[in-house]
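This report refers to the structure that appears directly beneath it.
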Amino acid sequence: MTVTVLVVDDSKLARIVAGKAIAALQPDWTRVEAGSAADALDLLGSQHVDVAILDFNMPDKDGLELASELRSSHPHMPIAVITANVQDEIVARVRALNATFVAKPVTQDALSPFIAGAALRLKKAGI
């Protein structure tokens, strides 16, 4: 079964950069993208997603709000929240949602621990 990772960021360039890092780390994973939290929720209504990587700063609904909604409906999904806003409060809020904080810029090295952990969790779950 193929693993599907959702990348949500209002910046197309940021989605491309994250997609390239994911492709380098897990070339067999399928990537889907959304430019907003609303688009992500629509996509999740029609497609199975195993892993989510969410930008923190987005219009309308930020990555923490989206992570909270995802956590409610997908309690075991590996979720990362990415941001350049490295404040203790935001890191703590991300961790309180049982999600992983990843600082921007999103590089292969920055994403590697999250992607490796997500792959291990999915393998243990039989995905």
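Each residue takes its place number in the sequence, starting with 1. No experiment lies behind these values; they were computed from the predicted model shown.
- Side-chain heavy-atom separations under 4.5 angstrom define the hydrophobic clusters, and the remaining members of the one that includes V17 are L13.
- Here the straight-line distance linking atom CG of L54 with atom CG of D62 works out to 10.0 Å at 0.5 Å rounding.
- Put simply, the residue from V86, I82, T83 that forms a side-chain contact (heavy atoms from CB on, under 4.5 Å) with K104 is I82.
- We find the CD-CE distance between E65 and M58 to be 9.0 Å, quoted to the nearest 0.5 Å.
- One distance of note links NE2 of H48 with OG1 of T2; it measures 10.5 Å at 0.5 Å rounding.
- Between atom CD1 of residue I90 and atom CG of residue N57 there is a gap of 7.0 Å, rounded to the nearest 0.5 Å.
- Taking CE of M77 as the start and CG of L6 as the end, the distance is 7.5 Å to the nearest 0.5 Å.
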Could you walk me through whether V81 and F101 pass side-chain contact (heavy atoms from CB on, under 4.5 Å), step by step? CA-CA 5 Å; V81 176; F101 179 89; 5.6 Å; no

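- With sequence neighbours excluded, the residues forming a side chain to side chain contact (heavy atoms under 4.5 Å, CB included) with K12 are R15, I16, E33, listed by chain and number.
- What you find for V8 and A37 is that their closest heavy atoms are CG1-N, 4.3 Å.
- Atom CD in Q26 sits 11.5 Å away from atom CG in L111 (nearest 0.5 Å).
- Across all their heavy atoms, V102 and A80 have their closest contact at CG2-CB, 4.1 Å.
- A donor-acceptor pair is defined here as one N or O able to donate and one able to accept, closer than 3.5 Å; such a pair exists between the side chain of R71 and the backbone of H74.
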